[in-house]
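Presented below is the structure to which this report refers.
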Number of protein chains: 2
Amino acid sequence: MKPSSRATALPWSGADVSSRERAWKRNAVILAAARAFAARGYHNTSLDDLAAALNVTKPTIYSYVDSKEELLFECFRQGIDQILAGFNEAETTGGTARERLMTVARHYAIAVTGDFGWCMVRLEEENLEKTMSAKIKTLKSEVDQGLRKLIRQGVADRSIRAGDPKMAAFALAGALNWIAHWHRANDALSPEEIANRVLEIFELGLAPR
Amino acid sequence: MKPSSRATALPWSGADVSSRERAWKRNAVILAAARAFAARGYHNTSLDDLAAALNVTKPTIYSYVDSKEELLFECFRQGIDQILAGFNEAETTGGTARERLMTVARHYAIAVTGDFGWCMVRLEEENLEKTMSAKIKTLKSEVDQGLRKLIRQGVADRSIRAGDPKMAAFALAGALNWIAHWHRANDALSPEEIANRVLEIFELGLAPR
DNA sequence: AAGAAATTTTAATGATGGGTAAAGCGTAGT
DNA sequence: ACTACGCTTTACCCATCATTAAAATTTCTT
């Protein structure tokens, strides 16, 4: 009897343990990569550096990912997944479109200050092959379209002042993305507080009311 | 009689002609570099590529700059100089601090859509030696402090709603910098029009008035 | 037109770093 | 204990550049 054949029902079988172990380690590799890329940049991080940070050697990394590029892509994906999760949450909470937009933006800001923030924001598509580059573009565009849609809805339900939704989405995304550039992990302000202050500016504007 | 000894007064002397020629060519190298970096990224642009774009060979480039890094730095500097020029202009035009801030921001947006926009915004300090990195930081900080000062003045003269000047400066800079990421040279909107629309959002906010 | 000076090219050099083959090692299942 | 499997390491390969020495060429001066 091969244990792996009934593995789904028996999480203590050796095969399951080792596959969970494997997934766990793979994540550790990706997380370490994200931190290294954020600290030194993609091109300035060699796989030897990364391996050293993990206390293993280079080929070990290759048993978890196929290439350095895949590593970068996975970091990007983990980051953007957090942002997309914000859209789902906003749908469940309801409220005016502006309130939902702010929920999304708050999630966004927090994601961007996290471990994968750098990869999400600074990843240059030029570094990737066209097929990966295309996937990234799709994901980015999903976020952009989501923001625009919320803004259009806000104009429709009168919770957002009429204006160019495309520009508003770009401006908002830009301000939020930029947080990844200046935020440091041990900042005085918490990610939530940063999000609040940045979003207040967007809601109320600079001119006095 | 050595013409070069009185060159300052005689712009037709051979020495002057050739030094002007040299400066002109150096600028051409820097501009080509800026465009190549923007198109393919710094690390993905080899000096051979760049030389080919200029119809010369690699060592020719080295007769105008000492290293690839210097090239990057020069691109950055040309970009930031345009932004700093905005501060000077704003001082001469006067008006409320908010009006002056918007003048600066408009210059900023236009600079960022120009040839050196990419280098200014995407240049990662990790790519540079500490001495150059420090210079960059100083220049960036100058811009940041300039924005904050204008915002503080605006709060003081009541042309800007009270708030956190640091966050406002970051949010504004982020939205403006982000333009460099999505703007394409043959965009439907002119840089001026983009600036106007982005800045309107900052002045009035998203919430209806 | 001769010679000097600056400019550009040809042709290496050397270091870095992504990627891999093959051998070693530990563990799980029999 | 034995064997098979998967994970990890050692040791290597090789392509890609940044950078440079020295030769060739053009340009300027007299």
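Note: hydrogens, waters and symmetry copies are ignored here, and every other heavy atom, side chains too, is used.
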Checklist line | Minimum heavy-atom distance A:Tyr42-A:Trp118, with the two atoms named | finding: N-CH2, 3.8 Å
Margin query: From the set C:dT7, D:dA21, D:dC17, return the single nucleotide nearest to any side-chain atom of B:Tyr64.
Written below: C:dT7
Item checked: Atom-to-atom span, CG of B:Leu47 to P of C:dT8 - whole angstrom -> 16 Å
Next item on the list: Could you check how far CG of A:Leu54 sits from C1' of D:dT9, rounded to whole Å?
Entry: 15 Å
Notebook entry, point to check: Should A:Lys140 and A:Glu125 count as side-chain neighbours, where that means a heavy-atom distance under 4.5 Å?
Noted result: yes
Next item on the list: Using the closest heavy atom to pick a nucleotide of DNA chain C for each, name whichever of A:Asp66 or A:His43 lands nearer the 5' end.
Entry: A:His43
Next item on the list: From the options D:dT19, C:dT9, D:dT9, select the nucleotide whose nearest atom is closest to the side chain of B:Tyr62.
Entry: D:dT19
Item checked: Donor/acceptor link under 3.5 angstrom from A:Lys58 side chain onto base of C:dG17 -> no
Next item on the list: Assign A:Thr57 to base, sugar-phosphate, or nothing according to its heavy-atom contacts below 4.0 angstrom with the strands shown.
Entry: base
Notebook entry, point to check: To the nearest angstrom, how far is B:Leu50 atom CG from D:dA18 atom P?
Noted result: 10 Å
Check: Distance under 6.0 Å and angle within 45° of the ring axis: does B:Lys25 meet both against B:Tyr64?
Finding: no
Checklist line | Note, B:Arg106 side chain near B:Asn196 side chain (heavy atom, < 4.5 Å) | finding: yes
Next item on the list: State which of C:dT7, C:dG18, D:dT19 makes the closest approach to the side chain of B:Lys68.
Entry: D:dT19
Notebook entry, point to check: How many Å lie between CD on B:Glu70 and P on D:dA18, as a whole number?
Noted result: 15 Å
Notebook entry, point to check: In whole angstrom, what separates A:Asp48's CG from C:dA15's P?
Noted result: 17 Å
Item checked: Spacing of A:Asn44 atom CG relative to C:dA15 atom C1', expressed in whole Å -> 15 Å
Margin query: Any base atoms under 4.0 Å from A:Thr60, or only sugar-phosphate, or nothing? Heavy atoms, all strands.
Written below: base
Notebook entry, point to check: Roughly how many Å is it from CG in A:Asn127 to P in C:dG18, rounded to a whole number?
Noted result: 12 Å
Check: Between atom CD1 in A:Ile61 and atom P in C:dG18, what is the gap in whole Å?
Finding: 9 Å
Checklist line | Closest to side chain of B:Arg22, choosing from D:dA21, C:dG18, C:dT7 | finding: C:dT7
Checklist line | Side chain of B:Lys25 - closest among D:dA18, D:dT8, C:dT7 | finding: C:dT7
Notebook entry, point to check: Can A:Glu89 and A:His107 be said to form a side chain to side chain donor-acceptor pair (under 3.5 Å), step by step?
Noted result: CA-CA 9 Å; A:Glu89 188 181 308; A:His107 262 259; 2.9 Å; yes
Checklist line | Under-4.0 Å side-chain N/O to phosphate OP1/OP2 contact, B:Ser67 with D:dA18 | finding: no
